S.K.: 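This is the structure I have questions about; it appears just below.
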Number of protein chains: 2
Amino acid sequence: MSYNDLLHELRARGHRLTTQRRLILEVLQKNEQHMSAEEIGEQIKNRHAGIQVDMATIYRNLRWLSEHSLVTETSLGQGHMVYVLSSNHNHHHHLVCNSCQRVTEVRVDLLDELRSRIEAEYGFTARLDHIAFFGLCRTCRGNGA
Amino acid sequence: MSYNDLLHELRARGHRLTTQRRLILEVLQKNEQHMSAEEIGEQIKNRHAGIQVDMATIYRNLRWLSEHSLVTETSLGQGHMVYVLSSNHNHHHHLVCNSCQRVTEVRVDLLDELRSRIEAEYGFTARLDHIAFFGLCRTCRGNGA
DNA sequence: CTTCGTGCAAAAGCTTTGCAATGCG
DNA sequence: CGCATTGCAAAGCTTTTGCACGAAG
């Protein structure tokens, strides 16, 4: 789904096309990586010579986008949520170590089978393109953590 | 791992056996379900005629327990973390709807294969006994959410 | 014009931290 | 007795909310 499709999608769902929304979507669309709400705000400021969108606005829009499946919201255990455009197909998953907090990225297709099973058995459309698994990395397990 | 094993485990790792720690572990051990830090505090008060363990103490201990793999910490997208004793073998997973926020429990063994693959390919010991998957439930998908 | 959305400021959680007092080993 | 640990109070962060103003359709 392209940037323009996204804007069209907003209108189709009865949302107005404000400058702020355009800026938020622009940043999300240019970043293939998950970002926090604050990072989104900063990037808007950097890219547009000091324009600052209020955090309240960013949060309000992220919530709406998430509820409408246009954005994926994930917790990586850092005390804040992170967001990616659902249509950015750079699917990847994370292994987060409970001891050293280090994050490792893992293969894309690891969860393909799981997704099908959840869909088939529960009628639930899981967004598994950006999942975090917690546990212990090799190093910390060795440390007796 | 029994309650006594847990206490012994604490000592073995150089931790002192305070009343507060005993109370926290007791509550965790009697609850097979994930609990928030606040719920843990409340249950301690209820079970022990008004004894109140400070939230700071609860958080400090939960963090330590989590870092040492005795407790599993999870985000269910409710704005706070939830905790279970790793040794409470009531493994289950959750499907959390991004639109209506409803939580569905799912089969235990859904992730067994995944766990083995993560271990084999990344040397990472994932604690998959209490995972939340986000997405859209059947109803909300129908609603065009 | 009407209604939706934004900014601002304040509040609401949840969680962490500093410090003096307490109690375990 | 010495040091880990607690309680208390305060602060820190992220996220949410109320309200008046401003902008989109």
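For clarity, every value in this text was computed on a predicted model and none was experimentally measured. By convention in this document, chain letters (A, B, ...) are assigned in the order of the sequence lines, proteins followed by strands, and residues within each chain are numbered from 1.
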S.K.: Heavy atoms from C-beta onward define the side chain here; which of C:dT15, D:dG25, D:dT17 lies closest to that of B:H80?
M.R.: C:dT15
S.K.: Reading DNA chain C from 5' onward, which residue's closest nucleotide shows up sooner: B:T19 or B:A37?
M.R.: B:A37
S.K.: Quick check on D:dT14: is either OP1 or OP2 less than 4.0 Å from any side-chain nitrogen or oxygen of A:Q78?
M.R.: no
S.K.: Please state how far atom CE in A:M55 lies from atom C1' in C:dA11, giving the value in whole angstrom units.
M.R.: 16 Å
S.K.: Should the pair B:F133 and B:H93 be assigned to parallel (<30°), tilted (30 to 60°) or perpendicular (>60°) ring geometry?
M.R.: tilted
S.K.: Touch check for B:R63, heavy atoms < 4.0 angstrom, all strands: base, sugar-phosphate only, or nothing?
M.R.: sugar-phosphate
S.K.: Would you please confirm or rule out a distance under 4.0 Å between OP1 or OP2 of C:dT6 and any side-chain N or O of A:R21?
M.R.: yes
S.K.: What is the separation between atom CE on B:M81 and atom C1' on D:dT14, rounded to the nearest whole Å?
M.R.: 12 Å
S.K.: Heavy-atom nearest nucleotide on DNA chain C for B:T18 versus B:E38: which residue maps closer to 5'?
M.R.: B:E38
S.K.: Rounding to a whole Å, what distance do you find between A:L23:CG and C:dG5:C1'?
M.R.: 14 Å
S.K.: Rounded to the nearest angstrom, tell me the gap between atom CG in B:D54 and atom P in D:dA9.
M.R.: 9 Å
S.K.: Return the value, rounded to whole Å, for the distance between atom CD1 of A:I24 and atom C1' of C:dG7.
M.R.: 13 Å
S.K.: Quick one: is A:Y59 getting a side-chain N or O under 4.0 Å of the D:dT16 phosphate, OP1 or OP2?
M.R.: no
S.K.: Does one hydrophobic cluster hold both B:Y122 and A:L114, with members joined at side-chain heavy-atom distances below 4.5 Å?
M.R.: yes
S.K.: Without decimals, in angstroms, what is the distance between B:Q52 CD and D:dG7 C1'?
M.R.: 11 Å
S.K.: Roughly how many Å is it from CG in B:L25 to C1' in D:dT5, rounded to a whole number?
M.R.: 15 Å
S.K.: Can you find a donor-acceptor pair, distance only, under 3.5 Å between B:R11 side chain and C:dG25 base?
M.R.: no
S.K.: Quick one: do the B:Q43 and B:N31 side chains pair a donor with an acceptor below 3.5 Å?
M.R.: yes
S.K.: Can you tell me which nucleotide in C:dC24, D:dC8, C:dT6 comes closest to the side chain of B:R16?
M.R.: C:dC24
S.K.: Please report the shortest heavy-atom distance between B:L28 and B:L85, naming the atom on each side.
M.R.: CB-CG, 3.8 Å
S.K.: Short question: side chain of A:R117, backbone of B:L110 - any donor-acceptor pair under 3.5 Å?
M.R.: yes
S.K.: Starting from P on C:dC14, measure out to CG on B:L62 and report it in whole angstrom.
M.R.: 14 Å
